[in-house]
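It should be emphasised that the depicted structure is a prediction, and the values quoted were computed from it without experimental measurement. Values reported hereafter were calculated over all heavy atoms of this structure, with side chains retained and with hydrogens, waters and symmetry mates removed.
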Amino acid sequence: MVLFMKLSLFFLIIVITPFIFFGTVKSSREASISSDAIEYEPTINKEQEHYDKVVALTFDDGPSNYTDDLLDVLEKYDVTATFFVVGTNLNTKYNTVMVRLLELGNEVGIHGYSHKEFTKIKESKVIEEIDYTQKLLKSYNIEPKYIRPPYGSINNSLKKIIDYPIILWNVDTLDWKYRDALKIYNNVIDDISDGSIILLHDHYLSTVQALELIIPELQEEGYKIVNITELFSLKNITLENNKVYRSAK
Ligand SMILES: [Zn+2]
């Protein structure tokens, strides 16, 4: 009996104790790792949310046969943009691409119904240009948030009747004129700064090719590339109807 008790004590000291001791050490080590992780995670999030430089990409005149290609590039770099569409282009041919455009988180604004210059037609016609396009967009369940008048033509009396924020641009790529990817890229890189709105067009292959150069370069330079809503939100600017915005500065 005594021998049995001695053996039990021996077992307790020699065999069990190390397990208790190391078990405790291990669990305290785990506790310290997890508490480090808890402290570290918010720091990463803060860095991810903080951008010194942010710019918006905008595409006018679509949808077109190149919209899908543009979406490929945007998706590849995890970037979204704002598309200012023309009512006459919103036909069933582009139904699938419009759905994809929205599913990827891009947004849509109105660029008129027939691309007529607003300052050269009657005000009642301007309202029609906007209303027709708005109704077409409704069939895609799109509630457009912004207007970009064709050619950027606007005046004070038109501003009063356009009950949307009016979004122009401050970086003009002239992609419609040059149709040359390198030239379009250079126009962006030369003029870009924090808060810029970049004007591109939806129906040129050279614009798709230029985008492949522009996005990685801007990201390399530390720019976050976003759509119009995100740009103004990140800059804490509340967009107002009947007002013109060329950048978020
Ligand atoms: Zn246009």
request  = Step by step, work out the side-chain contact (heavy atoms from CB on, under 4.5 Å) result for Val85 and Leu137.
outcome  = CA-CA 9 Å; Val85 299; Leu137 287 172; 4.0 Å; yes
ask   = Does Val244 belong to the same Ile/Leu/Val/Met/Phe/Trp/Tyr cluster as Val126, with side-chain heavy atoms less than 4.5 Å apart forming each link?
value = yes
task = May I have the step-by-step check of side-chain contact (heavy atoms from CB on, under 4.5 Å) for Val208 and Val73, ending in yes or no?
result = CA-CA 8 Å; Val208 179; Val73 184; 4.0 Å; yes
remark   = Rounded to the nearest 0.5 Å, the CG atom of Leu231 sits from the OG1 atom of Thr58 at a distance of 10.5 Å
request  = To the nearest 0.5 angstrom, please state how far the CD1 atom of Ile214 sits from the CD1 atom of Ile192.
outcome  = 8.5 Å
inquiry  = Donor-acceptor check, side chain of Ser64 to backbone of Asp202, threshold 3.5 angstrom: yes or no?
reply    = yes
Ile228 backbone acceptor or donor facing Glu107 side chain under 3.5 Å = yes
inquiry  = Would you say Tyr223 ends up clustered with Val54 if hydrophobic residues are merged whenever their side chains have heavy atoms under 4.5 Å apart, either directly or through other cluster members?
reply    = yes
inquiry  = Do Ile166 and Tyr164 land in one hydrophobic cluster if side-chain heavy atoms of ILVMFWY residues count as linked below 4.5 Å?
reply    = yes
side-chain contact (heavy atoms from CB on, under 4.5 Å) assessment of Glu143 paired with Lys138 = CA-CA 6 Å; Glu143 201 62 63; Lys138 263 217 164 107; 3.7 Å; yes
query = Any chance the side chains of Thr82 and Lys145 put a donor and an acceptor closer than 3.5 Å?
reply = no
message = For Leu182, is there any backbone N or O sitting under 3.5 Å from a side-chain donor or acceptor partner on Asn186?
response = yes
task = Check for a donor-acceptor pair, side chain of Asn227 on one end and backbone N or O of Ala81 on the other, with a separation under 3.5 Å.
result = no
key: Shared hydrophobic cluster for Leu205 and Tyr178 (ILVMFWY, side-chain gaps under 4.5 Å)   = no
request  = Supply the atom-to-atom distance Leu71 CG to Met98 CE, rounded to the nearest 0.5 angstrom.
outcome  = 9.5 Å
ask   = So, Gln134 side chain and Pro144 main chain: donor-acceptor pair closer than 3.5 Å or not?
value = no
request  = Using distance alone, with no hydrogens and no angle criterion, decide if Asn242 and Asp163 have a side-chain donor and acceptor under 3.5 Å apart.
outcome  = yes
query = Where do Pro216 and Tyr77 come nearest, in terms of heavy atoms and distance?
reply = CG-OH, 3.6 Å
ask   = Quick one: do Lys235 and Asp194 make a salt bridge, cutoff under 4.0 Å?
value = yes
note = Heavy-atom closest pair (Ser247 atom, Gly195 atom, distance to 0.1 Å) is CB-O, 3.4 Å
task = Compare every heavy atom of Thr119 with every heavy atom of Ile154, then report the nearest pair and how far apart it is.
result = N-CG2, 3.8 Å
query = Do the side chains of Val55 and Ile197 get nearer than 4.5 Å, heavy atoms only?
reply = no
key: Tyr185 side chain vs Glu217 backbone, donor-acceptor pair below 3.5 Å   = no
inquiry  = Rounded to the nearest 0.5 Å, what separates atom OH in Tyr94 from atom CG in Asn89?
reply    = 6.5 Å
query = Are Tyr204 and Val97 connected in a single hydrophobic cluster, I mean Ile/Leu/Val/Met/Phe/Trp/Tyr linked by side-chain heavy atoms less than 4.5 Å apart?
reply = no
query = Is the shortest distance from a Lys or Arg side-chain nitrogen in Arg100 or Asp72 to a carboxylate oxygen in the other one below 4.0 Å?
reply = yes
inquiry  = I'd like to know if the side chain of Thr173 reaches the main chain of Leu199, judged simply by a donor and an acceptor atom lying under 3.5 Å from each other, with no hydrogens or angles considered.
reply    = yes
request  = Answer yes or no: is there a donor N or O on one side and an acceptor on the other, between the side chain of Arg148 and the main chain of Leu168, under 3.5 Å?
outcome  = yes
request  = For the pair His201 and His203, name the ring-plane relationship: parallel under 30°, tilted 30 to 60°, perpendicular over 60°.
outcome  = parallel
Nearest-0.5 Å distance, CG of residue Leu57 to CG of residue Leu74 = 6.5 Å
query = So do Leu90 and Pro63 actually touch side chain to side chain, heavy atoms under 4.5 Å?
reply = yes
ask   = Rounded to the nearest 0.5 Å, what separation is found between the NZ atom of Lys53 and the OG atom of Ser193?
value = 9.5 Å
message = If you define the side chain from C-beta out and look only at heavy atoms, does anything of Leu239 sit under 4.5 Å from Tyr245?
response = yes
task = Ignoring hydrogens and angles, tell me if any N or O in the side chain of Asp191 forms a donor-acceptor pair with the backbone of Val171 under 3.5 Å.
result = no
task = Show the numbers, then the answer: is there a side-chain contact (heavy atoms from CB on, under 4.5 Å) between Asn95 and Tyr140?
result = CA-CA 8 Å; Asn95 279 356; Tyr140 295 93; 2.8 Å; yes
message = Treating Glu129 as the side-chain partner and Tyr113 as the backbone partner, does any N or O pair qualify as donor plus acceptor under 3.5 Å?
response = yes
task = Give the intermediate values and the outcome of ring pair (Phe, Tyr, Trp, His ring centres under 6.0 Å) for residues His111 and Phe83.
result = CA-CA 9 Å; His111 193 47; Phe83 288 76; over 10 Å; no
ask   = Looking at the rings of Tyr151 and Phe118, which for Trp means the six-membered one, are their centres under 6.0 Å apart?
value = no
